[in-house]
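Counting from 1, the numbers follow the sequence of the chain as shown. Counting starts at 1 for both ligands and their atoms, following the listed order.
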Amino acid sequence: MSIESRLWRLAAHPKGPVEPSDFSLETVTIEDLDDGQFRVAIEYIAFEPAMRSWIMGRDTYVKGVQVGDVMRALAVGVIEESRHPEVEVGQRVVGNFGWREHAVASSMRDFGGIRAVPEGTPPTWPLSILGITGLTAYFGLLDIGQPKPGDAILVSGAAGATGSVAAQIAKHVKGASRVVGVAGGPEKCAWLTEVAGLDAAIDYKAFTDQRALTREVFEQFPDGIDVFFDNVGGPILDAALARINNHARIVVCGAISRYDTANPGPGPGNYTTLILKPGPMEGFVGLDYASRFGEAARELADCRADGKLTHAEDAQAEFAKAQAV
Ligand SMILES: NC(=O)c1ccc[n+]([C@@H]2O[C@H](COP(=O)([O-])OP(=O)(O)OC[C@H]3O[C@@H](n4cnc5c(N)ncnc54)[C@H](OP(=O)(O)O)[C@@H]3O)[C@@H](O)[C@H]2O)c1
């Protein structure tokens, strides 16, 4: 039986801030399945900062989303009908299904590779702690940051999906002596210290002046910073660079303070500290570690089960408002 299903397409590449009119909602008819096909009913769709660069249309580590394309996103759903001999109705799966209510596939290799979600895994976790953000945190911190027991570690964007996992691995798995997270507002800062168990949090919104922010970083790190896991760039990167130790590792995971503006301004101001305090400042792409995702997801799941990691999720219910979230 054919069904009606909704999907979102990119309607325009944003010029300046993203507008709801940059997306268009469409209802399509999905015809009866052919032999060999199966249909996924989407339950949850990931929403992440990388989308901001995808919708500009430029190819980066993935192809840009073009006007008319279904908006790209990782999503979780359940197989609701199958005429494929190896695909069972009821199996929960994760894939690059995009902003749509139903996806029809002919192979588990479609949609960038469809993977079964293990029995017992909460449906949102493959998009959060066990998804690309959790895995990016894992590899960025461990492979690039190389934390050692006793290190002092600063994480920006620390209440976000990636930063919160990086900060907790540093503190509760790798034995850092001091882990400080940077986040916006007292509520997120309280979550970092009281729930995620970090040593301290810096509310960057309370510091409008660069010198005051840098002073705060100095006070939080009397013995300097050994690892800085940066999701944000901008003023916090400058403040961290001013306080790094010899041979500190600076992990350039993201620069979200620069994404949503046509004119992000000049780059880091304090990078010359790297001459006096030599050490690497290195970017990376989480997806480059895809061949090791299985092993890392199992470790993250174990840490979550042991209580070494926690995470918070924000799920919005209305598909028809996806473009305005
Ligand atoms: N390298 C990779 O392969 C890779 C993969 C995934 C993600 N990333 C990057 O990791 C970063 C975090 O992604 P995520 O998915 O964890 O994001 P997320 O959960 O959506 O968290 C992003 C947080 O960044 C903070 N933020 C936004 N604008 C800011 C600004 N101007 N200054 C300071 N903080 C700001 C906000 O928290 P506050 O309320 O605390 O301000 C926001 O909630 C992004 O830069 C993303 O591009 C990189």
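- Applying the 4.0 Å criterion to heavy atoms of Val232 picks out, from ligand 1, the atoms 32 (N), 33 (C), 34 (N).
- Taking only nitrogen or oxygen atoms, main chain and side chain alike, Lys205 does not reach within less than 3.5 Å of ligand 1.
- Between the choices Gly181, Pro49, Ser53, the shortest heavy-atom distance to atom 15 (O) of ligand 1 belongs to Pro49.
- At a 3.5 angstrom cut-off on N or O pairs, Asn231 counts as close to ligand 1.
- Evaluated for a side-chain contact (heavy atoms from CB on, under 4.5 Å) with Ile3, the options Glu31, Glu101, Glu80 yield exactly one hit, Glu80.
- In this structure, Lys148 places its NZ atom where more than 12 heavy-atom neighbours from other residues, nucleotides or ligands lie under 6.0 Å away.
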Give the table of side-chain donor-acceptor pairs shorter than 3.5 Å for residues 273-280, with sequence neighbours excluded, one pair per line with atom names and distance.
unit_1, atom_1, unit_2, atom_2, d
Thr273, OG1, Leu241, O, 3.3
Thr273, OG1, Asn270, O, 2.7

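- For ligand 1, the atoms sitting less than 4.0 Å from at least one non-hydrogen atom of Thr133 are 15 (O), numbered in the order shown with element in parentheses.
- Using bins of under 30°, 30° to 60° and over 60° for the plane-to-plane angle, the ring pair Phe284/Tyr289 lands in the perpendicular bin.
- Under the 30°/60° scheme for interplanar angles, the aromatic rings of Trp8 and Phe23 are found to stand perpendicular.
- In the vicinity of Ala183, heavy-atom distances shorter than 4.0 Å reach the ligand 1 atoms 40 (O).
- Those atoms of ligand 1 that come under 4.0 Å of a heavy atom in Ala255, given as number and element, are 45 (O).
- Residues satisfying the ring pair (Phe, Tyr, Trp, His ring centres under 6.0 Å) criterion with His172, sequence neighbours excluded, are absent altogether.
- Ligand 1 has a nitrogen or oxygen under 3.5 angstrom from a nitrogen or oxygen of Lys188.
- The shortest N or O to N or O distance between Gly286 and ligand 1 is under 3.5 Å.
- Residue Ser257 approaches ligand 1 through these ligand atoms, each under 4.0 Å from one of its heavy atoms: 30 (C), 31 (N), 32 (N).
- Inclusion of Gly184 in the set of residues having an N or O under 3.5 Å from an N or O of ligand 1 is warranted.
- No part of Ala158 comes within 4.0 Å of ligand 1, judged by heavy-atom distances.
- Each of the atoms 44 (C), 45 (O), 46 (C), 47 (O) of ligand 1 lies under 4.0 Å from some heavy atom of Tyr259.
- Looking at Asp314, Ile256, Asp230, Thr162 and measuring to atom 29 (C) of ligand 1, the nearest heavy atom belongs to Ile256.
- Residue contact check: Gly254 has heavy atoms under 4.0 Å from atoms 9 (C), 45 (O) of ligand 1.
- Atoms of ligand 1 found under 4.0 Å from any heavy atom of Gly160 (numbered from 1 in listed order, with element): 16 (O), 19 (O), 21 (O).
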